Undergrad: 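Here it is, the structure in full.
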Amino acid sequence: MASKKKKVQYDVVIETMNTSGAGYEGSIFLTVFGKDGSSGELTLSKVKWFREDFTQGGSETISVEGADVGDLYAIRLRVQNDQWKPGMVKVTKQNVAGYFPCYQWVTTDITVREAKATLAFEDNKDLVALRQEEVGKWREILPWHDWESMPSYPDYPDHDALPRDLQFESEKRRDMNDYRKEGVYNFLLQKVVSVFKDIETYYDYTKFFKAGVNDGKVPDVAHRWRTDREFARQFLQGVHPTAIRRVEKTLPKKFPVTDDHVKGSLGRGVTLQQAIDAGHIYMVDCELLVGIPVPEDRYVTPAMALFYVNANDTLVPIAIQLEQEPGPGNPIWTPQDPHQDWLLVKAFLKCADAQVKNNSKK
């Protein structure tokens, strides 16, 4: 007969977002997942007279006893007959804390992984199952309408029919109105300035920020958008992070990058193949765009790119090819090419990546 899991104390700190209607009155049901299984549902209650148990913008600490699940990796939160918007949830067991970023509306339940960066192959089978469950739930929530040769879009009759997480909050609407006012001010200021002086360079636009827009601050990205590091960062932290994949064993024949192409980009004194074998080479392939219908006055390129994790653990692009078929008319571009050429090629790749994202069905 199997022995029961020992009991431990979980100290739970729950933050509720400072968003209109984010508070919750009633019990929260918590399930903790770890390498040794599940705790089962644990009831978190905080009785307060004449106000919500979990107050908008507040933080509550609750201790509860449950089965020991070993090292924590995920939690599930469930509510009944209401909606709630938690922020960060901290779960401490035996002086070891796990942090679980929620930041979304809970109308039934949500499952949240620990805020710890891992690669896909490091996930155990239970984490993979939780992720597949989450993806399946969102596929049920989000029906998609397909247009021929056009990006798909969520098939909802109006804004209010969207899931709460996809709707604009009142705070977001206020931010949009503020940005709109700043945009109008920026536009009018540009018109006035351009009467006296032509706008000739990108950096001329930064003067408008100094003149009053955005509290006089130029966004940080304006100073680094041309760099290879920033370009690569947007593939990892942008709207389409699943586009970049690690190269396994060898490059595809359609992308014949050689050591001569990348010798100025690879550090550590290694060859391209050695960098691939070490797991330091990644690739983006926009093959989905091959044959896509494009209006006569538009151009879409099914580009490919290689990225390299250098000795500083920084991801940077090292080669770009704009078409799928290699040949003399389809060169491989690298950071060793003239700066403006390399900048333009990166722009083509970024546009292609955006098109792939918009036309993907999954």
Side-chain angles (χ1 to χ4, degrees), residues 73 99 101 113-124 127-128 131 220-289 301-324 326 331-339 341-357 360:
Y73 60 71
Y99 294 85
R113 293 178 50 155
E114 187 181 7
K116 183 182 295 184
T118 60
L119 297 174
F121 66 85
E122 296 175 318
D123 289 347
N124 61 43
L127 269 176
V128 172
R131 175 59 178 157
D220 289 340
V221 71
H223 301 297
R224 63 175 190 267
W225 69 274
R226 296 171 182 261
T227 67
D228 288 348
R229 180 173 181 171
E230 173 61 23
F231 179 75
R233 185 195 67 80
Q234 292 177 19
F235 276 91
L236 290 178
Q237 299 178 336
V239 297
H240 195 202
T242 58
I244 188 166
R245 303 293 179 91
R246 187 166 62 177
V247 176
E248 303 290 346
K249 296 183 179 180
T250 186
L251 293 176
K253 292 182 179 180
K254 64 182 181 178
F255 198 10
V257 181
T258 67
D259 288 330
D260 286 339
H261 287 119
V262 297
K263 62 185 178 183
S265 301
L266 295 182
R268 303 185 177 97
V270 298
T271 65
L272 178 58
Q273 188 58 53
Q274 288 171 334
I276 291 174
D277 294 339
H280 295 149
I281 300 296
Y282 291 77
M283 181 174 173
V284 169
D285 188 354
C286 301
E287 186 179 23
L288 180 69
L289 300 180
T301 175
M304 294 178 284
L306 282 191
F307 293 80
Y308 174 58
V309 180
N310 63 26
N312 297 321
D313 285 334
T314 299
L315 186 74
V316 291
I318 59 173
I320 297 175
Q321 182 177 289
L322 294 181
E323 299 289 345
Q324 292 282 314
I332 293 172
W333 303 86
T334 74
Q336 280 65 54
D337 286 308
H339 174 72
D341 291 348
W342 179 238
L343 189 64
L344 182 60
V345 168
K346 289 192 294 182
F348 271 109
L349 174 63
K350 204 71 184 76
C351 290
D353 178 61
Q355 292 296 325
V356 171
K357 172 65 174 68
S360 296

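The structure displayed is predicted, hence computed values, not measured ones.
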Undergrad: Would the distance check show the side chain of Glu114 and the main-chain N or O of Lys116 forming a donor-acceptor pair, the cut-off being under 3.5 Å?
TA: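 Not confirmed, Glu114 side chain does not pair with Lys116 backbone.
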
Undergrad: Please report the C-alpha distance between Thr301 and Leu289 in whole Å, then the side-chain angles of each, then the deciding distance to 0.1 Å, and finally whether the side-chain contact (heavy atoms from CB on, under 4.5 Å) criterion is met.
TA: CA-CA 7 Å; Thr301 175; Leu289 300 180; over 6 Å; no

Undergrad: Would one find more than 12 heavy atoms of other residues, nucleotides or ligands at under 6.0 Å from atom CZ of Arg224?
TA: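 Yes, the 6.0 Å shell around CZ holds more than 12 heavy atoms from other groups.
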
Undergrad: Which heavy atom of Ile276 sits nearest to which heavy atom of Lys249, and what is that distance?
TA: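 Closest approach of Ile276 to Lys249, heavy atoms only: CG2-O, 3.7 Å.
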
Undergrad: Between Met283 and Pro252, which heavy-atom pair has the shortest distance, and what is it?
TA: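 Scanning both residues, the minimum pair turns out to be CE-CG, 3.7 Å.
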
Undergrad: Checking Asp123 against Arg131 for the side-chain contact (heavy atoms from CB on, under 4.5 Å) test, could you report, in this order, the C-alpha distance in whole Å, the side-chain angles of both residues, the deciding distance, and whether it holds?
TA: CA-CA 10 Å; Asp123 289 347; Arg131 175 59 178 157; over 6 Å; no

Undergrad: Answer yes when Asp285 and Lys254 have at least one side-chain N-carboxylate O distance shorter than 4.0 Å, and no when they do not.
TA: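 Salt bridge flag = yes for Lys254 with Asp285.
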
Undergrad: Under 3.5 Å, is there a donor-acceptor pair between the side chain of Asp341 and the main chain of Pro338?
TA: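 Absent.
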
Undergrad: Take Trp342 and Ile320 through the side-chain contact (heavy atoms from CB on, under 4.5 Å) test and state the conclusion after the steps.
TA: CA-CA 9 Å; Trp342 179 238; Ile320 297 175; 3.7 Å; yes

Undergrad: Could you state the interatomic distance from CG (Leu315) to CG (Asp228), rounded to the nearest 0.5 Å?
TA: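 Nearest 0.5 Å value for the CG-CG distance: 10.0 Å.
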
Undergrad: Drop me the distance from Tyr282's OH to Leu236's CG, to the nearest 0.5 angstrom.
TA: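 Going from the OH atom of Tyr282 to the CG atom of Leu236 covers 9.0 Å.
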
Undergrad: What's the shortest heavy-atom distance between Pro101 and Arg113, and which atoms?
TA: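 Reported closest heavy-atom pair: CD-O, 3.8 Å.
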
Undergrad: Looking at OG1 of Thr258 and CD of Gln273, how far apart are the two atoms once the value is rounded to the nearest 0.5 Å?
TA: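 CD of Gln273 is found 12.5 Å from OG1 of Thr258.
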
Undergrad: If we only count heavy atoms from C-beta on, is the Gln321 to Pro326 side-chain gap below 4.5 Å?
TA: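 They are in contact (side-chain heavy atoms under 4.5 Å apart), so the answer is yes.
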
Undergrad: Any non-hydrogen side-chain atom of Glu287 less than 4.5 Å from a side-chain atom of Pro302?
TA: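 They are not in side-chain contact.
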
Undergrad: Verify the neighbour count for atom CZ of Phe255: are there more than 12 heavy atoms of other residues, nucleotides or ligands below 6.0 Å?
TA: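 Yes, enclosed.
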
Undergrad: In sequence, state the C-alpha distance, the side-chain angles, and the governing distance for Val284 and Leu306, and then conclude on side-chain contact (heavy atoms from CB on, under 4.5 Å).
TA: CA-CA 7 Å; Val284 169; Leu306 282 191; over 6 Å; no

Undergrad: What's the separation between atom CG in Leu266 and atom CD1 in Ile318, rounded to the nearest 0.5 Å?
TA: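 CD1 of Ile318 is found 5.0 Å from CG of Leu266.
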
Undergrad: Return the minimal non-hydrogen interatomic distance between Pro335 and Pro317, and the atom names on each side.
TA: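 In this case the closest contact between Pro335 and Pro317 is CG-O, 3.6 Å.
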
Undergrad: Within this structure, what is the CG-CG distance for the pair Asn312 and Asn310, rounded to the nearest 0.5 Å?
TA: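 Here the interatomic distance stands at 5.0 Å.
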
Undergrad: Within a strict 4.5 Å, meaning less than it, do heavy atoms of the Val316 and Val309 side chains meet?
TA: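 No, too far: nothing below the 4.5 Å cut-off.
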
Undergrad: For the backbone of Thr271 and the side chain of Asp259, can you confirm whether one donor and one acceptor N or O come within less than 3.5 Å of each other?
TA: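 Checked: no pair found.
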
Undergrad: For Val270 and Ala275, work out which heavy atoms get closest and say how close.
TA: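 Distance-wise, the nearest heavy atoms are CG2-CB, 4.2 Å.
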
Undergrad: Has the side chain of Gln234 got a donor or acceptor atom that lies under 3.5 Å from a matching backbone atom of Phe231?
TA: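 Checking the backbone N and O of Phe231 against the side chain of Gln234, no donor-acceptor pair under 3.5 Å is found.
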
Undergrad: Can you tell me how far the CZ atom of Phe235 sits from the CZ atom of Phe307, to the nearest 0.5 Å?
TA: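 Here the rounded value is 4.5 Å.
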
Undergrad: List the atom of Arg226, the atom of Lys346, and the distance in Å for their closest heavy-atom pair.
TA: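 Looking at all heavy atoms of both residues, the shortest contact is O-NZ, 3.0 Å.
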
